[in-house]
Amino acid sequence: MSFRAITEKYLEPGSQILMVLGIIALCQPWNMLLHSYGVTIILIGLIGFNITSKIPREEEAGTGHGAAEQARNQGAQH
């Protein structure tokens with residue numbers, strides 16, 4: 001499994017889930033430790049998502065265009 005596949009399957013959704021968990025930690029009233037680190041959790045998830053979303057998908061990595069976009073543009077070549 002390549003790094004791009006791992007990023008697409010695990011790291012990017014994990015960052016999104018971490019941001020949601022940070023919002024939940026910030027809004028809950030029972031645990032002061034979670035509440036005090038809620039913004040930090042959100043920021044870690046946001047930074048992780050910004051990094052992982054810049055890595056191109058598996059099919060887009062080699063050519064700069066996705067496979068569907070290449071198939072659509074096949075007739076346009078002169």
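No experiment lies behind these values; they were computed from the predicted model shown. In what follows, residues are counted from 1 in the order of the sequence shown.
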Q: Name all pairs fulfilling the salt bridge (charged side-chain N to carboxylate O under 4.0 Å, His left out) condition that reach into residues 11-33, sequence neighbours left out, sorted by first residue then second.
A: Glu12-Arg57
Q: Applying salt bridge (charged side-chain N to carboxylate O under 4.0 Å, His left out) as the test, list every pair that has at least one member in residues 22-44; sequence neighbours left out.
A: none
Q: Say you draw a straight line from OG1 of Thr7 to CE of Met1; how long is it, rounded to the nearest 0.5 Å?
A: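 Answer for the OG1-CE pair, Thr7 versus Met1, is 10.5 Å.
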Q: Answer yes or no: is there a side-chain heavy-atom contact under 4.5 Å between His35 and Pro29?
A: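 Counting from C-beta outward, His35 and Pro29 never come under 4.5 Å.
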Q: How long is the straight-line distance from NZ of Lys9 back to OG of Ser2, given to the nearest 0.5 Å?
A: 11.5 Å
Q: If you round to the nearest 0.5 Å, how far is CD1 of Ile44 from OH of Tyr37?
A: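 One finds 10.5 Å between OH of Tyr37 and CD1 of Ile44.
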Q: Considering only distance and modelled atom types, tabulate donor-acceptor pairs under 3.5 Å from the side chains of residues 16-28, sequence neighbours left out.
A:
{"unit_1": "Gln28", "atom_1": "OE1", "unit_2": "Trp30", "atom_2": "N", "d": "2.9"}
{"unit_1": "Gln28", "atom_1": "OE1", "unit_2": "Asn31", "atom_2": "N", "d": "2.9"}
{"unit_1": "Gln28", "atom_1": "NE2", "unit_2": "Ala25", "atom_2": "O", "d": "3.3"}
{"unit_1": "Gln28", "atom_1": "NE2", "unit_2": "Asn31", "atom_2": "O", "d": "2.8"}

Q: Only pairs at least two apart or in different chains count here, so list each salt bridge (charged side-chain N to carboxylate O under 4.0 Å, His left out) that has a residue in residues 20-29.
A: none
Q: Would you give me the side-chain donor-acceptor pairs under 3.5 Å for residues 48-55, sequence neighbours excluded?
A:
{"unit_1": "Asn50", "atom_1": "ND2", "unit_2": "Leu46", "atom_2": "O", "d": "3.4"}
{"unit_1": "Thr52", "atom_1": "OG1", "unit_2": "Gly48", "atom_2": "O", "d": "2.9"}
{"unit_1": "Thr52", "atom_1": "OG1", "unit_2": "Phe49", "atom_2": "O", "d": "3.4"}
{"unit_1": "Ser53", "atom_1": "OG", "unit_2": "Phe49", "atom_2": "O", "d": "2.9"}
{"unit_1": "Ser53", "atom_1": "OG", "unit_2": "Asn50", "atom_2": "O", "d": "3.3"}

Q: According to salt bridge (charged side-chain N to carboxylate O under 4.0 Å, His left out), does anything in residues 24-43 pair up with another residue at least two apart or in another chain? List the pairs.
A: none
